[in-house]
Asker: 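Here's a structure for you.
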Amino acid sequence: MVRLYRERFEHYGHGTAAQAIVGLGGQAFMAKNSQDAIKQFRPYFDNAPVYGHGPSLEDFTAQTPLTVGSPQQVIDRTLGFRDYVGDYQRQLFLMDHAGLPLKTVLEQLDLLGEEVVPVLRKEFAINRPADVPDAPTHASLVAARDAAMPATASSDPLAIPSF
Amino acid sequence: MSTKRIAVVAAGLSQPSSTRLLADRLAEATTRSLAELGDQVEVEVIELRDLAHDITDNLLTGFAGPALQAAIDSVTSADGVIAVTPVFTASYSGLFKSFFDVIDKDSLAGTPVLIAATAGTARHSMVLDFAIRPLFAYLRAVVVPLGVFAASEDWGSGDATSTTLPDRVARAAAQLADLVSGHTTRRDDPFAAVVPFEEQLRRLSADD
């Protein structure tokens with residue numbers, strides 16, 4: 001599907017296929033020790049509305065982006081997503097699914113923010129081709145609009161950019 | 001002289017299974033008929049019992065695991081399909097239906113299909129025409145005119161007033177072979193044949 005999007009992106013002249021803007025979703029549940037992560041997550045997985053009573057946790061993590069294990073395993077698996085879709089711009093992590101209690105979700109966010117995201121940011125940047133764009137943000141789009149019409153650049157943040 | 005692939009979908013649950021036995025008989029007869037027409041045949045049998053959990057998981061998650069995906073690919077790319085179900089509750093079995101619920105609805109279009117069913121008695125022999133044939137008609141498969149129903153009593157020999165099971169098996173298989181011999185299934189990659197947007201717009205505005 002991403003390949004089709006990239007091919008049509010290039011077909012319509014928006015850039016090369018490698019330059020298409022792509023974001024991925026991933027789900028993660030972590031503990032320092034990967035066996036603990038699986039042990040803690042399994043009761044929630046087995047009984048959750050979407051996951052429960054279907055494929056086993058093992059089958060589901062093998063066949064989807066869900067990663068249950070140590071932070072290092074989440075890092076390694078996420079870095080591998082580029083092999084499927086090419087260099088991409090956004091990685092979304094779903095952290096509060098399956099009925100996890102608030103305290104657990106906050107702990108997961110701590111692990112994600114302290115141990116996973118800094119490493120991913122560093123590793124994704126290594127060997128990233130220079131012509132692959134960054135994700136478009138509001139700030140970058142406004143800056144691009146202002147750069148495109150320097151003489152009449154308005155400081156009105158609500159002005160609609162015209163390209 | 002070409003090689004034709006026949007996929008056999010058998011929904012029997014017991015071991016041994018009369019559903020599987022009928023499926024094997026139909027596959028053998030189809031192979032013989034195709035050989036007479038000059039074709040070589042590869043037969044792959046898919047036992048739905050082995051995929052029962054995977055099929056249910058597919059219903060729950062929306063995607064097929066590797067084993068089920070391989071079976072689906074085998075069936076949808078086959079040049080001909082033999083589909084056999086036991087009669088449960090006066091219709092095809094839930095497992096049989098669930099398998100055809102999880103394949104893509106366009107994936108059997110144009111494929112020659114031979115339908116068959118088994119049961120303890122002949123009471124529900126119309127299941128072929130009231131339930132199974134319409135299912136495959138919706139899928140736009142090409143269902144051979146003769147469906148084969150085998151009640152327990154049919155596994156002996158016939159009598160003066162009815163044709164024997166082996167005779168029906170041979171005739172239905174010959175019909176399937178005739179269709180398969182002139183047909184090769186080609187499933188285009190749906191992502192490869194993209195209709196250009198300008199063409200899609202043009203088709204919308206064309207009135208004639």
Side-chain angles (χ1 to χ4, degrees), chain A residues 1-18 20-22 24-29 38 41-68 77 80-81 83-86 88 92 94 97-99 163, chain B residues 11 13 46-77 93-107 109 186-205:
Chain A
M1 183 182 70
V2 173
R3 181 178 51 82
L4 172 68
Y5 164 65
R6 289 190 186 278
E7 283 170 14
R8 303 314 286 169
F9 181 90
E10 184 171 300
H11 173 88
Y12 286 107
H14 299 302
T16 67
I21 306 296
V22 173
L24 295 183
Q27 303 174 271
F29 184 89
I38 292 170
F41 190 61
R42 195 187 298 278
Y44 293 100
F45 179 91
D46 284 348
N47 293 289
V50 169
Y51 295 137
H53 314 295
S56 66
L57 177 60
E58 284 72 17
D59 281 346
F60 206 91
T61 53
Q63 295 165 23
T64 74
L66 173 65
T67 308
V68 180
R77 190 139 190 254
F81 291 162
D83 298 338
Y84 287 107
V85 304
Y88 59 109
L92 176 75
L94 179 59
H97 204 40
F163 290 105
Chain B
L13 297 183
I46 288 133
E47 286 268 26
L48 294 186
R49 195 209 148 91
D50 299 336
L51 297 167
H53 286 283
D54 286 357
I55 291 169
T56 301
D57 284 343
N58 192 342
L59 292 175
L60 298 179
T61 64
F63 63 88
L68 177 57
Q69 190 60 54
I72 291 171
D73 291 341
S74 176
V75 170
T76 59
S77 66
S93 74
L95 180 60
F96 181 85
K97 175 65 157 47
S98 293
F99 177 77
F100 291 102
D101 281 347
V102 300
I103 67 171
D104 186 273
K105 64 173 173 50
D106 299 318
S107 58
R186 258 179 271 275
R187 300 279 165 218
D188 293 326
D189 177 2
F191 292 144
V194 177
V195 178
F197 192 64
E198 302 83 3
E199 178 61 30
Q200 295 185 39
L201 284 178
R202 203 176 308 128
R203 288 180 188 177
L204 280 177
S205 62

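Computed from a predicted structure; not experimentally measured. Residue numbers begin at 1 in each chain, while the letters A, B, ... track the order of the sequences.
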Asker: On a heavy-atom basis, which atom in A/Gln63 and which in B/Pro66 lie closest, and how many Å separate them?
Answerer: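 Of all heavy-atom pairs spanning A/Gln63 and B/Pro66, the closest is NE2-CD, 3.2 Å.
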Asker: For the residue pair B/Asp57 and A/Gly54, what are the closest heavy atoms and their distance?
Answerer: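 In this case the closest contact between B/Asp57 and A/Gly54 is OD1-C, 2.9 Å.
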Asker: Would you say that more than 12 heavy atoms from the other residues, nucleotides or ligands in this model lie under 6.0 Å from the NE2 of B/His53, or not?
Answerer: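 At most 12 heavy atoms, drawn from other residues, nucleotides or ligands, come within 6.0 Å of this atom.
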Asker: Does any backbone or side-chain atom of B/Thr56 lie under 4.5 Å from a heavy atom of chain A? Answer side chain, backbone, both or neither.
Answerer: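 Contact with chain A involves no heavy atom of B/Thr56 at all.
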Asker: Just wondering, more than 12 heavy atoms not from A/Arg77 lying within 6.0 Å of its CZ?
Answerer: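 Yes.
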Asker: Tell me whether the count of non-hydrogen atoms from other residues, nucleotides or ligands lying under 6.0 Å of CZ in B/Phe63 goes above 12.
Answerer: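 Yes.
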Asker: Contact part of A/Tyr12 toward chain B, heavy-atom cut-off under 4.5 Å: side chain, backbone, both or neither?
Answerer: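 Only the side chain of A/Tyr12 comes within 4.5 Å of chain B.
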